[in-house]
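The next block holds one structure in the form of structure tokens; read it before the comments.
Computed from a predicted structure; not experimentally measured. Whatever order the structure lists ligands and atoms in, that order sets their numbers, starting from 1.
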Amino acid sequence: MKKNIFRIVLVFALVLMILAANAIQVSASNTLAPKTKTPTPTPTSTGPTPTPGATTIGSIIPMPVSITSTGASFVLPSTADIYVEPGTAELIAIGQYLADKLNPSTGYGIQVLTTTGAPANGNIYLTTVGGDPSLGDEGYQLTVTSDLVNVAAYKPAGLFRGLQTIRQILPVAIENATLQPGPWKMATGTVRDYPRFAWRGSMLDVARHFFSVADVKRYIDLMAYYKLNVFHFHLSDDQGWRIMINSWPNLALYGGGTQVGGTCTNCYYTQAQYSDIVAYAQSRYITLVPEIDMPGHTNAALASYAELNCNGVALARYTGTNVGFSSLCISKPITYTFVDDVIRELAALTPGAYIHVGGDEASSTTTADYVSFVSQVQTIVQAHGKQMIGWEEIAQINGLSTTSVAQHWNTTDSFAPTAVQKGAKVLMSPANKAYLDMKYYHKTQLGQTWAGLINTQTGYEWDPTTIVSGVPGSSVLGVEAPLWTETIVTRSDMDYMAYPRLPGYAELGWSPVSGRNWSEYKVRLGSHGPRLTAMGVNFYRDTVVPWQ
Ligand code: TNX
């Protein structure tokens, strides 16, 4: 009955509006009513004749696999809506993400509607129906004609990546949080795009300095703009333990009471807060990989529980910045009860496939002890249904699983080739190229210099498949840029170190090598200055970039 009324109303409306007839409104409020807005007439020609003032599609970071510009333009009308197909909750949420990005600056009140087939002219259409499997899980094809903006993907994740491209080809003002005049013009053409590597990440150290849930979410949201897909969450270190573990509550309650430089009140995430961050990342098609660093970098744990120490005496809490001095007690059975409890609780809260177990700079542990410890940890991680990732030192264990991952960071001796020999994959985070906590220049106020100076150009000019001899491209899982926070205290500090370098790592992880180089990239990056400003990012205006 309802359906029949709906059909009559729909036909009536379509006759009145003399419009293309296959879009229906099924709004979030569940009203089954025809769309009542009248689309602004838009040119129907998609021919090659350039529209005066139209530009070519450009300045996308990371650089897409292919761009074909057709020289005309699409102007987003005030009546525009976002149509998704199929009308699943997942696609509606993706559409809503875009609507939420476009509505503050356009003031258009863009809604998310479901459809079968392409909607009327003047709208944005997101579809996975008949999606091309050769695009892979994250690939998309964006087609802009003077009539319609269409993103087609094989999987929802691909649509989400494609939305970032839409944001980037709209005028800069689209990123403003307040009403802007427009017009909202996009150059026409086709972008066909998919990532080079499966893992394109950034790590945030919340142990050296603690960051609020809101700060962490913002970091994740900015990552999404550059199509990054892994958020590595460094949750424990000598200076602090940041996640509530119910079976060992003092880790957070006592071990979460310090950070570099002094005390810190309630500086940990409850499990509910952690889950909220996981879900936030998930809604941006970003996998969260939690890290509990061990056996070294464990002073906060050793201070929280006396029984974890070989001598049974709790250490004092630590607020300095040295590394390599602490270790769990390798020979005590309770150490493995502790590890099992922590990994069990963390695995239960973490939908992603990986648990990061640290394993770096365990210099106060003998190699034999280290190998014995990490081998047992790998067994525990796998027993809880997860794959182990660790800093590259973990490659030393005899039974390194081919599903485990070694994260390369050392600038001199590397264990990454050992991991490759054992059939494991390598994640590339070379400290002298990819560490976001290294200073840009000597004069940079924040950051460290132990791995060298990394200006925006140095950070960009390397390739993950050639940086370590003995690690061929076929063994490289991807790229990750860690932000260690010994010297990073505020959100603005985070911005300053991550931007503009992080977009470069995103490009190394996503874009094909051919056709890109620093002299071209720096111009594209320069055009992102106003975008970062509009998003409120306190980026460093590195003078090697021609900022617009
Ligand atoms: C080394 S790289 C560390 C961290 C420090 C960082 C500072 C690695 C696996 N460990 O503990 O925070 O240097 O740059």
Side-chain angles (χ1 to χ4, degrees), residues 201-211 232-242 258-261 289-302 318-328 354-365 370 374 377 388-396 404-416 418-419 426-440 442 444-454 458-459 467-468 479-489 493-494 496-498 501-502 505:
S202 185
M203 188 210 78
L204 180 64
D205 171 9
V206 292
R208 272 52 177 272
H209 280 99
F210 183 68
F211 294 91
H232 170 175
F233 207 11
H234 186 79
L235 287 166
S236 73
D237 216 299
D238 292 314
Q239 299 84 350
W241 184 285
R242 307 300 180 205
T258 44
Q259 62 181 352
V260 166
V289 176
E291 177 183 351
I292 298 296
D293 204 344
M294 51 194 163
H297 291 275
T298 44
N299 195 92
L302 296 166
Y318 181 71
T319 60
T321 56
N322 289 338
V323 294
F325 60 88
S326 58
S327 179
L328 291 173
Y354 291 95
I355 300 283
H356 202 302
V357 301
D360 56 315
E361 300 173 321
S363 26
S364 65
T365 315
Y370 179 86
V374 176
V377 170
M388 180 175 80
I389 172 167
W391 299 104
E392 64 190 315
E393 290 94 319
I394 64 151
Q396 295 171 89
S404 293
V405 174
Q407 184 166 9
H408 167 66
W409 66 277
N410 274 295
T411 50
T412 49
D413 292 339
S414 172
F415 290 106
T418 310
V426 173
L427 178 61
M428 286 296 176
S429 305
N432 57 354
K433 297 287 183 190
Y435 267 27
L436 294 168
D437 67 318
M438 290 302 122
K439 289 178 187 281
Y440 294 89
H442 277 296
T444 309
Q445 297 287 314
L446 302 169
Q448 311 208 47
T449 55
W450 69 263
L453 299 169
I454 308 178
T458 306
I467 187 104
V468 184
V479 186
E480 188 177 286
L483 181 55
W484 301 101
T485 58
E486 285 94 335
T487 66
I488 312 302
V489 185
D493 293 349
M494 287 159 73
Y496 192 81
M497 299 309 272
R501 290 181 290 195
L502 191 53
Y505 305 120

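- Close contacts between ligand 1 and Asp437 involve ligand atoms 7 (C), 14 (O) [criterion: under 4.0 Å to a heavy atom].
- By the salt bridge (Lys or Arg N to Asp or Glu O under 4.0 Å) test, Asp238 pairs with no residue at all, sequence neighbours left out.
- Gln407 does not count as a contact of ligand 1, since none of its heavy atoms falls under 4.0 Å from the ligand.
- At distances below 3.5 Å, not a single donor-acceptor pair connects side-chain atoms of Ser326 with backbone N or O atoms of Gly296.
- Heavy-atom contacts of Met438 reach the following atoms of ligand 1: 14 (O) (cutoff under 4.0 Å).
- In terms of modelled atom types and a separation under 3.5 Å, the side chain of Glu392 and the main chain of Ala416 share a donor-acceptor contact.
- The protein heavy atom nearest to atom 5 (C) of ligand 1 is Glu486 OE2, 3.3 Å.
- With a 6.0 Å cutoff to the six-membered ring centre and a 45° limit on the axis angle, Arg501 counts as a cation-pi contact of Tyr440.
- In this structure, the protein non-hydrogen atom closest to atom 2 (S) of ligand 1 is Tyr435 OH, 2.4 Å.
- Between Glu361 and ligand 1, at least one pair of N/O atoms sits closer than 3.5 Å.
- At distances below 3.5 Å, at least one donor-acceptor pair connects side-chain atoms of Arg242 with backbone N or O atoms of Ala207.
- Close contacts between ligand 1 and Gln448 involve ligand atoms 7 (C), 14 (O) [criterion: under 4.0 Å to a heavy atom].
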- Message: Between Glu393 and Val374, is the side-chain contact (heavy atoms from CB on, under 4.5 Å) condition met? List the steps.
- Response: CA-CA 10 Å; Glu393 290 94 319; Val374 176; over 6 Å; no
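- In this pair, Trp484 and Trp391 present their aromatic rings tilted. The plane angle is within the 30 to 60° band.
- Nearest protein heavy-atom neighbour of atom 11 (O) of ligand 1: Arg208 NH2, 2.9 Å.
- Heavy-atom contacts of Trp450 reach the following atoms of ligand 1: 1 (C), 7 (C), 13 (O), 14 (O) (cutoff under 4.0 Å).
- Ligand 1 has a nitrogen or oxygen under 3.5 angstrom from a nitrogen or oxygen of Asp360.
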